[in-house]
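Model, not experiment: these values are computed from the prediction.
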Amino acid sequence: MDNRDIAAVLREIAVFNDLSGGNTFKSRAFEAVARTVEKLPESLADLVAQDRLSEVKGVGKGTEQVIRELLATGASSELAKLKASFPPGITDLLSLSGMGPKRVKAVYERLGVSTIKALESACREGRVAELDGFGDKTQAKILKAIEYVKTTVGQRLYSEALAIGGELSRLCGDSGLFARVDFAGSLRRGKHVFKDIDLLLVPARDNTGAEVQAFLASLADPDGLIGAGPTKVSIRRTGLQVDFRVVPPGSWPAALQHFTGSKEHNTALRSRAKTLGLKMNEYGVYDASGAALPLDDEASVYRSVGLDWIPPEIREADGEIEAAAAGALPVLVEPGDFRGMVHVHSTWSDGTCSVKELARGCIARGLEWMCLSDHSRSAGYAGGLSDERLREQASEVAALNRKIAPFRIFHGIESDILGDGSLDYPDEVLAGLDFVIGSVHAKLGMGRDEATARLVAAIAHPRLTMLGHPGGGLLLSREGYPWDEQKVLAALADRGVVLEHNCNPHRLDPGWQVLKRAREKGVLVSVNPDAHDLEGFDDVRFGVIMARKAWLGRRDVLNTRTVEEIDAYFAQRRGRGR
DNA sequence: GCCGTTTTCGGCCCGACTGTTTTCAGTCG
């Protein structure tokens with residue numbers, strides 16, 4: 001069992017503890033340890049071997065026993081005991097909006113209902129409304145939640161969520177009802193996929209409560225109004241849940257902080273406020289006498305609890321508060337730091353722009369260099385280049401480089417990583433290229449050990465410069481193969497191979513959590529749009545946000561190198577391959 | 001269940017909204 005498996009069991013114990021009506025603080029304790037364990041750089045097995053498990057924050061007698069048992073036997077007797085009183089699959093009911101542990105427990109114990117299907121029947125027969133604490137409206141709401149799950153358009157890609165948020169932001173702005181419209185929540189912090197988005201609004205004038213509420217409700221899909229009060233309106237818009245929060249101007253700094261989250265970050269922040277004798281909520285920060293502290297922007301909210309302003313992207317309760325308290329926050333990479341575009345496809349394979357057009361696009365964006373990497377010969381479906389075509393392309397690139405200097409096109413390839421981990425061309429062909437990105441495109445069904453061995457073998461190839469989209473997944477459509485992150489990161493660090501962050505919104509692969517650990521191991525990251533046209537270049541904005549979430553600074557990111565630096569870097573890498 | 005320059009026991013973030021209730025429990029973020 002690795003850390004992630006163990007975290008999953010700890011979470012499950014928390015869920016079943018809730019369902020059993022156990023102490024909710026016990027659940028919280030288990031959840032906290034699960035979160036910590038997932039982020040732990042060291043494996044729990046190693047920590048147990050060194051008898052250092054109790055050093056992990058939040059681990060006490062109870063959680064330590066569970067972890068030890070899991071490592072020794074692969075199962076938890078505590079979880080088994082908790083699960084024994086429920087039928088399998090009961091946790092599906094928790095996925096319904098409005099169904100929490102108490103209501104799930106009630107419908108199971110009093111109606112014998114343990115599946116969504118059975119719950120739907122019970123609702124249609126009116127049996128749910130008759131339960132104590134339930135009623136007609138709750139029953140109708142549950143039915144609606146079931147309908148939603150059935151027809152779910154579900155989660156959205158970052159690009160889609162941003163488009164919906166942008167449109168709503170414009171509509172709110174144009175309405176003239178608001179003095180301020182801000183993205184909050186994960187739209188502001190950055191995320192892979194979205195199940196909802198948050199917008200923060202400050203009314204333009206007083207006494208518009210009803211008007212504001214009616215306007216926001218009017219933005220909903222038909223039958224898409226989830227809830228509406230004077231300060232909070234929730235709707236569905238093209239199927240995506242949108243939460244609007246309306247706050248008075250004086251509360252804007254605290255509200256922006258509060259609604260940006262994350263929940264865990266805020267919890268930690270308010271705990272800290274409490275130890276300082278302060279109270280924090282979305283309306284302000286208050287001292288012991290209840291007097292509001294003066295706040296004029298978000299930075300002053302953080303200052304009020306003795307912290308430097310924390311960039312939204314890293315507000316994930318993953319060390320940022322401690323760093324802010326110590327004045328040791330990282331200086332994060334910024335869009336303006338980027339000088340080069342990496343991983344670009346042209347009409348030579350499956351792109352829609354010529355090499356020249358791509359280069360011009362980079363120049364128009366103020367960049368100094370570009371790494372051209374079309375598909376390799378095995379990728380027949382994508383027009384992969386034969387040895388011969390690759391040589392022809394090299395001539396075109398050389399000719400172009402003479403014309404468009406000082407801009408520089410580096411000639412490389414996105415080589416398929418074959419099933420055994422080898423690359424797609426003979427060594428002498430690869431040796432003629434400026435760089436090589438290795439990516440898995442086929443045989444995606446491998447198990448963890450096989451997939452990991454394949455990646456590690458490719459990383460060990462002396463000609464490999466960079467590992468492309470290591471997880472192989474497509475967000476919301478295709479699960480990637482499992483791989484051993486620790487082994488792959490160790491191999492990358494050992495061989496000095498760059499890790500791609502593929503920032504196509506369908507991929508965002510690997511996730512920011514992996515990038516963060518890569519940085520800790522000293523692995524260089526390249527933020528790559530995997531662009532097939534000029535619009536694809538814009539995806540770098542998602543990559544920058546993910547890089548920032550991973551605490552990456554300018555020097556951690558390959559794309560920030562000057563053309564001279566990158567030239568020297570590739571030359572040095574090629575030298576190693578000889 | 002975990003934790004402690006307030007605490008080894010008594011806390012554990014805080015508020016909005018909804019619906020079922022006549023003061024609050026449940027859910028959500």
Side-chain angles (χ1 to χ4, degrees), chain A residues 10 13-14 17-19 21-36 54 56-67 78 82 93-107 128-142 144-145 184-187 189 191 194-200 213 217 225-235 241-247 251 254-255 257-286 288 305 315 317 321:
Chain A
L10 293 169
I13 291 176
N17 180 63
D18 280 339
L19 282 179
N23 181 354
T24 52
F25 293 110
K26 175 179 173 179
S27 300
R28 214 179 284 179
F30 272 77
E31 278 162 12
V33 174
R35 268 200 307 280
T36 306
S54 52
V56 178
K57 194 167 181 285
V59 171
K61 239 172 63 182
T63 42
E64 169 154 6
Q65 198 188 334
V66 171
I67 292 170
E78 173 154 13
L82 283 166
L93 296 183
L94 288 169
S95 68
L96 297 170
S97 166
M99 289 294 289
K102 300 276 163 54
R103 286 183 182 157
V104 169
K105 185 171 194 271
V107 297
V128 171
E130 288 165 9
L131 295 174
D132 285 345
F134 289 73
D136 287 338
K137 287 197 173 172
T138 302
Q139 180 172 272
K141 243 185 160 166
I142 293 172
K144 207 167 164 183
S186 37
L187 215 44
R189 294 200 319 278
K191 206 170 182 244
F194 290 70
K195 61 182 201 309
D196 56 44
I197 59 176
D198 299 273
L199 272 85
L200 180 65
Q213 202 171 315
L225 186 61
I226 299 168
T231 70
K232 178 179 175 180
V233 175
S234 294
I235 65 168
Q241 179 166 340
V242 182
D243 295 326
F244 297 103
R245 304 296 302 237
V246 185
V247 298
S251 293
Q257 193 291 313
H258 178 89
F259 293 117
T260 296
S262 66
K263 194 176 153 205
E264 290 78 13
H265 174 87
N266 284 355
T267 302
L269 209 61
R270 290 197 287 269
S271 289
R272 181 183 170 87
K274 199 161 183 178
T275 64
L276 296 170
L278 302 169
K279 189 176 83 155
M280 260 181 117
N281 58 29
E282 57 263 57
Y283 300 109
V285 181
Y286 306 88
V305 289
R315 298 180 193 171
I321 291 176

Criterion salt bridge (charged side-chain N to carboxylate O under 4.0 Å, His left out) on A:Lys26 and A:Glu78, from CA distance to verdict: CA-CA 13 Å; A:Lys26 175 179 173 179; A:Glu78 173 154 13; 2.6 Å; yes
Please report, rounded to the nearest Å, how far the [atom2] atom of [N] is from the [atom1] atom of [X].
{"X": "A:Ile226", "N": "B:dT18", "atom1": "CD1", "atom2": "P", "answer": "11 Å"}
{"X": "A:Asn23", "N": "B:dC9", "atom1": "CG", "atom2": "P", "answer": "18 Å"}
{"X": "A:Arg245", "N": "B:dA16", "atom1": "CZ", "atom2": "P", "answer": "7 Å"}
{"X": "A:Lys26", "N": "B:dG11", "atom1": "NZ", "atom2": "C1'", "answer": "19 Å"}
{"X": "A:Gln213", "N": "B:dC17", "atom1": "CD", "atom2": "C1'", "answer": "11 Å"}
{"X": "A:Arg28", "N": "B:dG1", "atom1": "CZ", "atom2": "P", "answer": "15 Å"}
{"X": "A:Lys57", "N": "B:dC2", "atom1": "NZ", "atom2": "C1'", "answer": "10 Å"}

Upstream residue (5' side of DNA chain B) when A:Gly60 and A:Thr231 are each assigned their closest nucleotide: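 Its nucleotide being nearer the 5' end, the pick is A:Gly60.
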Closest-nucleotide 5' rank along DNA chain B - winner of A:Lys61 and A:Lys274: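 Looking at the nearest nucleotide for each, A:Lys61 comes out on the 5' side.
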Where protein sits on nucleotides 20-29 of chain B, one letter per nucleotide: B base, S sugar-phosphate only, - none, heavy atoms under 4.0 Å: SS----SSSB
Counterpart base for B:dT8, defined by Watson-Crick or G-U wobble contacts under 3.5 Å: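 Its partner: none found.
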Which value, in whole Å, describes the distance between the [atom1] atoms of nucleotides [N] and [M]?
{"N": "B:dT21", "M": "B:dT27", "atom1": "P", "value": "15 Å"}
{"N": "B:dC3", "M": "B:dT8", "atom1": "P", "value": "16 Å"}
{"N": "B:dT20", "M": "B:dG26", "atom1": "P", "value": "14 Å"}
{"N": "B:dT7", "M": "B:dC2", "atom1": "C1'", "value": "13 Å"}
{"N": "B:dT23", "M": "B:dT18", "atom1": "C1'", "value": "15 Å"}
{"N": "B:dC12", "M": "B:dT6", "atom1": "P", "value": "16 Å"}

Residues in salt bridge (charged side-chain N to carboxylate O under 4.0 Å, His left out) contact with A:Arg103, at least two apart in sequence or another chain: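 Result, salt bridge (charged side-chain N to carboxylate O under 4.0 Å, His left out) vs A:Arg103: none returned.
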Residues that A:Lys144 engages under salt bridge (charged side-chain N to carboxylate O under 4.0 Å, His left out), provided they are two or more places apart: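 Partners of A:Lys144 under the salt bridge (charged side-chain N to carboxylate O under 4.0 Å, His left out) test: A:Asp223.
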Candidates A:Leu187, A:Ile226, A:Leu199, A:Asp196 - the one meeting side chain to side chain contact (heavy atoms under 4.5 Å, CB included) with A:Val242: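 Going through A:Leu187, A:Ile226, A:Leu199, A:Asp196 one by one, the side chain to side chain contact (heavy atoms under 4.5 Å, CB included) with A:Val242 is satisfied by A:Leu199 alone.
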Check: A:Arg315 and A:Leu269 side chains under 4.5 Å, non-hydrogen atoms: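 A:Leu269 vs A:Arg315: side chains apart.
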Give [X] one of three labels, base, sugar-phosphate or nothing, depending on what nucleic acid heavy atoms sit under 4.0 Å from its own.
{"X": "A:Ala273", "answer": "nothing"}
{"X": "A:Tyr283", "answer": "sugar-phosphate"}
{"X": "A:Ser234", "answer": "nothing"}

Among B:dC14, B:dC12, B:dT18, the nucleotide that comes nearest once only the side chain of A:Asn281 is considered: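 Closest nucleotide to the A:Asn281 side chain: B:dC14.
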Greater than 12 external heavy atoms within 6.0 Å of A:Asp136's CG: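 For A:Asp136, atom CG is not crowded (no more than 12 foreign heavy atoms under 6.0 Å).
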Rounded distance (nearest 0.5 Å) linking atom OG of A:Ser251 with atom CZ of A:Arg245: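 It comes to 11.5 Å.
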